[in-house]
Q: 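First the structure, which I've put down as structure tokens, then a few questions once you've had a look.
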Amino acid sequence: MPDTLVICPTTDEMDARLHDGLAPVFLRDLDDPATWLAANGQDIRYVLTDGHLGVPADIFSALPALSLISSYGVGYDAIDTGAATARGIPVTHTPGVLDAEVATTALLLCLTCWRDFEGALGHARSGLWANGSYKLTRSADKRRVGILGLGRIGKAFARKLAPFDAEIAYHGRTEQDVPHRYYASLTDMARDCDTLVSFAPGGAATHHLINADVMAALGPDGTLINVGRGSVVDEAALITALQTGTLGAAGLDVFEAEPHIPAALRALPNAVLSPHVGSATVETRRAMGDLAIDNLVAARDGAPLLTPVPESAGLL
């Protein structure tokens, strides 16, 4: 009988490892999940999911023997860790292995916005170069960059900025022992920076943390980059700010209602948009998949979990 329910998309490498010592069933292969779970849910001990899909309440309640939720990704917004903790079920995720890749994505978005590289590429492809050179853009050097969420990924991004001689500040819940200026106020930091880069996780505490006031503080020459969670940015306010010139540019890898991106946002020439590909390289996704499976194997073998989320600490 299957012992592992797989909710999220997986790679071929992950599937091979799942079949080597575990007995997986894939939600995508079930014609009638509710009926299948009613008949077989009591045998499922492990769930493999991700931070976007989580474990829907109807599935969670149909798994009485569940003993681990392994999340493929660093964020776990959609997983009800409170409900899991109440049932004594630890949750794991895959931090660390994707830090550098997501930081690189943030840097790519910064460079594209600062140099308007998307517009320059379009100018070359359009044939308009024959009618005149492309407009001057802004330098990537000596920027004043504010980081929202100076965790592992935020620190990796700060290191990648080093060759550009950036002046780095940060905002978070607490001040850290780092060589960057701390701001207790996000709006004050935005006012003193020309670029705000968000690595903040989702959830109620960060919902629309980057609002119209923060965007206005960044100003018409300012740039907003978001590779954390779409819910952190007030998307309607962002569209208005970009349309009116209150904010200069935005580079976004995440959105409020993924995979939907508002048509008004897609139409803006000062918005650089990518489809949540922050960690989407072969190498990084392989490492993420390995860590997600490693946590399942550890649970199966009765070994310590490798990367539990903080909310599960009391269960270990």
Q: Taking I210 as the starting point, is it possible to reach L150 by hopping between hydrophobic residues whose side chains are less than 4.5 Å apart?
A: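 Result: no, two separate clusters.
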
Q: Does R45 pair with D3 as a salt bridge, N-O distance under 4.0 Å?
A: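 No, this pair does not count.
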
Q: Considering only residues two or more places apart or on different chains, which pairs with a residue in residues 225-261 satisfy ring-ring contact (aromatic ring centres under 6.0 Å, His included)?
A: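 Non-adjacent pairs meeting ring-ring contact (aromatic ring centres under 6.0 Å, His included): zero.
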
Q: Should the pair D116-K135 be classified as a salt bridge under the 4.0 Å nitrogen-to-oxygen rule?
A: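 Yes.
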
Q: State, to 0.1 Å, how close V74 and R152 come at their nearest heavy-atom pair, and which atoms those are.
A: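 Closest heavy-atom pair between V74 and R152: CG2-NH2, 4.2 Å.
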
Q: Of the options N40, D43, L22, I44, which is the one that meets P2 in a side-chain contact (heavy atoms from CB on, under 4.5 Å)?
A: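 Filter result, single survivor: I44.
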
Q: Between P9 and L53, is any pair of side-chain heavy atoms under 4.5 Å apart?
A: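 In short, these two side chains touch, coming nearer than 4.5 Å.
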
Q: Is the count of non-hydrogen atoms from other residues, nucleotides or ligands lying under 6.0 Å from L136 atom CG greater than 12?
A: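 Check fails, neighbour count at 12 or below.
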
Q: I need the minimum non-hydrogen distance between L109 and S274, along with the two atoms involved.
A: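 In this case the closest contact between L109 and S274 is CD2-OG, 4.3 Å.
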
Q: Between R181 and D188, is the salt bridge (charged side-chain N to carboxylate O under 4.0 Å, His left out) condition met? List the steps.
A: CA-CA 12 Å; R181 181 177 178 183; D188 288 347; over 6 Å; no

Q: Check this for me, if you would: do R285 and D50 make a salt bridge, where the nitrogen-to-carboxylate-oxygen distance has to be below 4.0 angstrom?
A: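 Looking at R285 and D50, the cut-off is not met.
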
Q: Test of understanding: with salt bridge (charged side-chain N to carboxylate O under 4.0 Å, His left out), list the residues that count as partners of D290, not counting sequence neighbours.
A: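 Partners of D290 under the salt bridge (charged side-chain N to carboxylate O under 4.0 Å, His left out) test: R17.
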
Q: Listing request: all ring-ring contact (aromatic ring centres under 6.0 Å, His included) pairs with a residue in residues 146-176, at least two apart in sequence or in separate chains.
A: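 Listed by first then second residue: F157-F199, Y170-Y182.
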
